[in-house]
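Read through the structure below, which is laid out as structure tokens, and then see the notes.
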4 protein chains.
Amino acid sequence: MKKYNVGILGATGMVGQNYIILLQNHPWFNIVDVAASPRSAGKPYKDAVKTKWQRSISIPNSIKNLVVRDVQDFDNIPEDIDIVFSAINMPLKEQIKEIELKYARSSFPVISNNSVHRWTPDVPMIIGEINHEHANIIPIQQKNRGFTKGFVVVKPNCSLQSYLTPIYALEEAGFKISKLVITTLQAVSGAGYPGVASLDIIDNIVPYIDGEEEKTEKEPLKILGRIGKIGIENRKDMKISATCTRVPISDGHTASVNMKFKEKVPSKEEIIKIWSSFKSAPQDLDLPFAPKQPILYLENIDRPQPKKDRDNDKGMAVTVGRLREDNVFDYKFVSLSHNTVRGAAGGAILNAELLIVKDFIK
Amino acid sequence: MKKYNVGILGATGMVGQNYIILLQNHPWFNIVDVAASPRSAGKPYKDAVKTKWQRSISIPNSIKNLVVRDVQDFDNIPEDIDIVFSAINMPLKEQIKEIELKYARSSFPVISNNSVHRWTPDVPMIIGEINHEHANIIPIQQKNRGFTKGFVVVKPNCSLQSYLTPIYALEEAGFKISKLVITTLQAVSGAGYPGVASLDIIDNIVPYIDGEEEKTEKEPLKILGRIGKIGIENRKDMKISATCTRVPISDGHTASVNMKFKEKVPSKEEIIKIWSSFKSAPQDLDLPFAPKQPILYLENIDRPQPKKDRDNDKGMAVTVGRLREDNVFDYKFVSLSHNTVRGAAGGAILNAELLIVKDFIK
Amino acid sequence: MKKYNVGILGATGMVGQNYIILLQNHPWFNIVDVAASPRSAGKPYKDAVKTKWQRSISIPNSIKNLVVRDVQDFDNIPEDIDIVFSAINMPLKEQIKEIELKYARSSFPVISNNSVHRWTPDVPMIIGEINHEHANIIPIQQKNRGFTKGFVVVKPNCSLQSYLTPIYALEEAGFKISKLVITTLQAVSGAGYPGVASLDIIDNIVPYIDGEEEKTEKEPLKILGRIGKIGIENRKDMKISATCTRVPISDGHTASVNMKFKEKVPSKEEIIKIWSSFKSAPQDLDLPFAPKQPILYLENIDRPQPKKDRDNDKGMAVTVGRLREDNVFDYKFVSLSHNTVRGAAGGAILNAELLIVKDFIK
Amino acid sequence: MKKYNVGILGATGMVGQNYIILLQNHPWFNIVDVAASPRSAGKPYKDAVKTKWQRSISIPNSIKNLVVRDVQDFDNIPEDIDIVFSAINMPLKEQIKEIELKYARSSFPVISNNSVHRWTPDVPMIIGEINHEHANIIPIQQKNRGFTKGFVVVKPNCSLQSYLTPIYALEEAGFKISKLVITTLQAVSGAGYPGVASLDIIDNIVPYIDGEEEKTEKEPLKILGRIGKIGIENRKDMKISATCTRVPISDGHTASVNMKFKEKVPSKEEIIKIWSSFKSAPQDLDLPFAPKQPILYLENIDRPQPKKDRDNDKGMAVTVGRLREDNVFDYKFVSLSHNTVRGAAGGAILNAELLIVKDFIK
């Protein structure tokens with residue numbers, strides 16, 4: 001198979017580092033460009049991240065000496081790049097928005113981890129197993145904006161990766177859901193680096209994460225929506241309430257979920273069967289980053305647990321447990337996913353694989 | 001004021017130790033008896049707890065050399081004891097039940113932290129600020145069982161202390177609540193000592209605590225119930241759903257709560273005013289262990305936090321924050337209380353104070 | 001007794017906040033001035049620290065509405081200030097140095113937590129129980145620099161507070177020490193706020209703290225030195241080797257210490273007796289912040305422990321344990337002190353008390 | 001190559017579980033027998049460990065249904081076992097000693113993690129890279145005790161694995177060491193399961209581990225000793241002083257080490273070169289569990305760190321850093337190894353591989 005040349009925008013930050021590690025032995029992708037702020041530009045990658053390389057694994061040798069490009073130096077983007085992964089982090093959201101569009105305008109497919117374009121109507125927000133068909137809005141986006149080959153595709157917030165696939169699996173099996181009440185227990189890595197101060201979280205919980213509850217409540221409605229004339233139209237008949245908390249663990253977001261079905265209510269056995277047998281496009285297409293079984297249901301009464309389950313299927317599977325009947329709604333359960341793999345760079349890489357196989361990236 | 005002589009059953013365990021610390025300078029109480037298992041019996045208290053004293057504060061000098069009595073040695077209970085605090089911990093629940101009744105039968109008022117009698121209909125389960133009037137069932141209990149002076153009163157589980165007082169305050173102000181969805185984030189001290197293994201909780205969450213969700217869902221219904229002919233009759237028109245998780249913090253249980261009102265829905269300002277001005281019998285009677293303000297509402301967007309708020313008003317206040325309108329129900333909020341103070345020995349001591357002032361203990 | 005008016009430089013930072021809490025009910029001191037960076041200047045204190053107030057205790061009412069002064073606005077220093085506590089934190093060390101000297105030149109006694117003047121020869125670096133007599137260099141400093149009433153006094157680094165008093169107590173009892181090998185296990189609060197990133201320390205140790213080993217090895221030599229003609233002359237015949245590590249705990253620095261005596265070697269019993277009975281000027285003068293017993297020796301085999309012992313005597317005592325004979329040197333032991341109380345603001349307040357009683361502050 | 005049949009004694013405990021995971025895809029070994037206490041005997045392995053399986057990885061399918069044998073049922077040891085790994089844990093040390101000898105007497109080579117035989121003179125205590133030649137005492141042991149094919153070999157305590165290989169590498173290069181002062185910061189997994197109570201270690205350090213300092217000080221002397229007539233004779237001219245502490249991290253023991261050379265003192269560059277190029281029998285023989293580079297020296301100023309370095313070379317490498325000149329001795333450094341891999345089951349597996357290649361196991 002053809003190897004695709006990949007550029008990483010925001011390559012020196014924490015998400016950027018994750019891309020570099022996750023792509024290290026990727027069968028399809030080859031990192032050829034690392035871009036970051038002017039402060040890092042011109043330096044070999046290893047020097048630019050000297051004091052901030054966060055990973056236990058060392059910087060791959062093939063990346064160490066790549067010279068960092070200024071992310072806004074559009075004149076020197078290597079022409080042979082096939083895909084751009086964006087992990088840009090800047091104070092001004094409008095600026096990020098503009099930069100990503102500029103790359104798209106310059107004919108580069110942009111797969112972004114950033115939140116800035118999540119509500120741009122003609123930009124699809126994709127979870128591979130759920131709404132891969134939203135990719136079909138790409139030609140509309142290109143037409144709207146006069147892009148030729150380029151486009152922008154985003155992935156959603158890390159807080160909802162743990163429960164939305166199980167919810168979707170039930171809906172896809174014919175059991176529509178009308179209400180969700182969710183409390184998340186989120187890992188500190190979700191806040192980037194340096195992120196959460198240790199003094200704030202050792203022996204403590206912070207029951208607030210800026211902007212997170214809004215994202216958790218609204219993004220699912222776009223993901224579960226459908227393509228309309230000018231963009232994705234949100235799902236209307238589902239209500240979600242989220243409380244997001246920060247807990248003293250390193251990786252893995254946990255969600256406690258109560259759910260109410262719209263009409264038909266499946267049995268406990270049916271739900272577990274639906275989850276355990278759920279497969280979607282990434283599995284059918286056998287994509288490199290697709291978890292074999294996207295939803296792992298564990299019977300053990302005290303699972304899922306972040307330390308034991310976050311790395312299931314290389315951090316790409318959602319682990320679910322504790323399905324119980326609910327006094328108030330129909331059922332409740334606990335689910336977990338790795339926020340910096342499935343919930344960030346890993347999810348974006350899976351999106352890129354999907355767009356290649358679906359021929360949006362050539 | 002008269003000093004009351006106090007005995008502690010299960011005095012060597014973690015809750016027993018908390019009683020000893022909390023009663024240290026109590027203006028009304030004087031510890032004269034410490035009872036525990038045959039293994040500890042006959043030893044000076046300081047030797048019996050030698051390897052398991054868990055507190056930063058040292059054993060009070062007045063207690064160090066008290067000789068531990070076998071909790072089942074009923075022949076040698078000091079006759080001058082006015083109140084018995086029970087923190088017995090034994091594998092067989094029936095045995096604990098029987099021991100506590102035997103003390104009551106022997107004319108001792110028993111205030112218990114144990115769960116065994118929580119569902120005994122004529123045993124009141126009291127939170128001082130909520131259902132202090134349930135104490136009026138004591139004469140019925142005494143009549144039922146032929147007790148003269150003795151009786152058994154219990155306190156509820158630590159997991160619900162953080163949110164039930166705020167819920168009650170709203171109901172008492174005329175805003176009845178019909179549905180609650182709750183997720184708790186509970187400290188390891190709730191499991192006693194040695195309790196949770198460090199290997200299970202460092203960098204981890206355990207989304208299950210044995211028996212805790214049942215207690216959290218059902219006990220409030222008794223507390224909010226009313227005295228019937230043969231015992232407390234449960235509140236019927238409230239539904240509670242609970243998910244209980246263990247998180248890596250030492251003290252302080254946090255609850256994320258979604259609530260739906262039955263009919264009238266107060267405004268956000270009304271709720272905060274009701275909470276901030278709430279007072280009940282313990283405050284009116286100016287009891288030594290009563291928090292001045294039982295519900296502290298904090299405006300800061302990221303509170304309550306266990307490390308910063310568990311010790312509010314010496315660990316006896318409930319701290320609440322993050323009141324927001326809710327997409328699914330009416331409102332949601334986060335609340336916190338100190339599980340080993342308000343939620344255990346401290347709550348029981350407050351109950352004892354109340355029963356003295358109400359003349360059930362003489 | 002006369003009340004002394006106190007100003008706090010760097011009042012909005014973490015050490016500044018500690019001063020405010022610790023001085024809250026101080027019998028001698030009254031905070032009348034809070035100074036900080038131009039960013040905070042002009043705001044009421046409560047607004048200036050809005051997002052960064054780190055303490056569980058609320059801002060005292062008397063401080064909330066004090067308007068923050070620009071620390072470099074020398075024209076508006078309240079004239080009635082008797083003492084200035086400096087917790088200034090700025091990128092340029094030379095600038096801090098100059099500011100502190102300027103306050104001294106303007107006739108204010110400056111007690112500083114900062115490291116910048118620790119090696120200025122005529123500035124004494126004082127631990128109340130050890131080298132209170134170094135205060136006698138103040139007249140020399142004033143003469144050298146043409147100060148009238150003002151001067152600068154500093155306290156040493158927090159890493160050495162845990163073991164230097166025990167070492168000094170032995171020397172003072174006639175047992176001179178020649179060699180020390182030390183490994184510290186330091187709490188995250190030692191790095192200020194935000195300080196250590198949670199991602200760096202959850203389930204981790206960082207075996208390096210910038211500049212800390214040098215301070216731990218050299219500062220004791222000045223503290224144990226004596227007043228010479230132009231300044232303090234370092235102790236020469238003691239060698240110290242330090243390894244400083246950061247561990248995932250909130251407060252309390254622990255030190256593992258191996259010590260070799262110069263000539264006479266005391267018995268284990270003698271050492272414990274010397275430590276347990278050690279008293280010095282702060283105790284003799286009955287200063288408000290003086291721990292009653294500066295060195296607490298615990299016989300329990302597994303102490304001192306930060307969570308259980310850091311608050312001993314309100315965080316001002318050093319707790320020591322595990323004295324054992326040593327295969328390589330003579331003895332080894334483990335010691336602990338509260339880094340943000342004894343090791344920072346608390347130690348400085350004790351110094352101020354000492355300087356008042358010794359008549360250097362009038 | 002021939003596959004060796006392996007039995008695990010104490011297979012249900014934490015070390016036993018580690019063996020099962022580590023041997024899962026081992027090219028030479030095949031687990032055919034799992035033995036444990038009578039309580040587990042007769043049950044399929046998966047049921048015997050139901051509530052105590054500690055690993056994130058599931059029980060391998062090939063092991064799940066192996067019926068657990070009573071470890072003291074000597075009549076039913078499968079005859080085709082080639083090697084027995086002992087992770088027996090019992091209250092009576094004499095009993096463990098006897099059981100291991102009985103297996104040896106029954107012709108099984110026993111590789112033990114237990115401490116009971118570490119001081120049996122004719123039992124070698126082996127670290128593959130250091131004293132593999134001590135295996136030559138096996139024939140003496142067999143002769144002494146009338147064993148035919150069987151024998152007992154042990155591995156040392158986990159606390160010394162992090163620093164002894166670096167020390168040995170220097171000695172082997174001609175730089176003899178006379179004195180070591182060591183402070184360890186040890187992970188909770190070293191205490192087994194349930195082991196350390198979370199209440200004892202969240203936000204805390206425990207500066208004592210029962211028996212650990214003695215092991216850390218004495219075991220190196222046997223490992224660095226030589227074969228004498230009746231057993232290993234200890235190294236005599238090295239003095240070690242150890243302080244062992246427990247810190248709140250899950251895996252990975254760190255050691256802070258000060259060392260004094262006997263005569264010749266190498267330069268810093270020489271030391272780093274010796275460490276980085278060190279290889280020994282396990283590497284020369286290319287054993288499956290041998291780390292490619294047994295000692296990794298990291299130049300980064302803040303390494304080694306447990307979270308980032310414990311898994312280096314699958315947990316079998318020792319990671320070293322912070323080599324500095326020492327005020328008191330000659331040099332100091334910080335080293336780290338994975339206590340449950342290199343320091344327990346992994347080290348024992350490497351020993352078994354070595355004994356196969358050296359023909360002691362056939």
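This is a predicted model, so every value here is computed, not measured. Below, chain A is the first sequence line, B the second, and so on; all start at residue 1.
Ranking A/Arg303, A/Gln305, A/Lys239, A/Arg310 against chain B, the residue ahead of the rest is A/Gln305, based on heavy-atom pairs under 4.5 Å. Chosen from B/Ile202, B/Ile209, B/Val247, the residue pairing most often with chain A at heavy-atom distances under 4.5 Å is B/Ile202. Among the candidates B/Pro306, B/Ser178, B/Pro304, the residue making the largest number of heavy-atom pairs closer than 4.5 Å to chain A is B/Pro306. The greatest number of non-hydrogen atom pairs below 4.5 Å with chain B, out of A/Arg322, A/Glu217, A/Lys179, is found for A/Arg322. When each of B/Ile301, B/Asn258, B/Asp326 is scored by its heavy-atom pairs under 4.5 Å with chain A, the top score falls to B/Ile301. Of the listed residues A/Ile249, A/Ile205, A/Asp203, the one with more heavy-atom pairs under 4.5 angstrom with chain B than any other is A/Asp203.
Judged purely by atom type and a 3.5 angstrom limit, B/Trp275 has no side-chain atom pairing as donor or acceptor with the backbone of B/Leu296. Judged purely by atom type and a 3.5 angstrom limit, A/Arg246 has no side-chain atom pairing as donor or acceptor with the backbone of A/Tyr208.
Looking at B/Val328, both its backbone and its side chain come within 4.5 Å of chain A, counting heavy atoms on both sides. Residue B/Leu180 touches chain A through its backbone alone, counting heavy-atom pairs closer than 4.5 Å. Only the side chain of B/Thr254 comes within contact range of chain A, with at least one heavy atom under 4.5 Å from a heavy atom of that chain. When heavy atoms are compared at a cutoff of 4.5 Å, B/Ile240 approaches chain A solely by way of its backbone atoms N, CA, C and O. Using a 4.5 Å cut-off between heavy atoms, B/Thr245 touches chain A through its side chain atoms alone. Both the backbone and the side chain of B/Val206 come within contact range of chain A, with heavy atoms under 4.5 Å apart. Of the two parts of B/Asp302, the backbone and the side chain both hold a non-hydrogen atom closer than 4.5 Å to a non-hydrogen atom of chain A.
Remark: the B/Lys93 side chain and the B/Ser115 side chain contain an N/O donor-acceptor pair separated by less than 3.5 Å. With no hydrogens or angles considered, no side-chain donor-acceptor pair links B/Gln161 and B/Asn339 at under 3.5 Å.
For an aromatic pair to be called close, the ring centres must be under 6.0 Å apart, and A/Tyr193 with A/Trp53 fails this.
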Test log, rule salt bridge (Lys or Arg N to Asp or Glu O under 4.0 Å), inputs A/Glu171 and A/Lys264: CA-CA 10 Å; A/Glu171 294 214 314; A/Lys264 278 193 301 176; over 6 Å; no
Steps toward side-chain contact (heavy atoms from CB on, under 4.5 Å) verdict (A/Leu164, A/Leu224): CA-CA 9 Å; A/Leu164 199 58; A/Leu224 299 175; 4.2 Å; yes
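Between A/Arg235 and A/Asp237 there is a salt bridge, since at least one side-chain N of the basic residue sits less than 4.0 Å from a carboxylate O of the acidic one. We find that A/Glu325 and A/Lys268 are not joined by a salt bridge, their nearest charged nitrogen and carboxylate oxygen being 4.0 Å or further apart.
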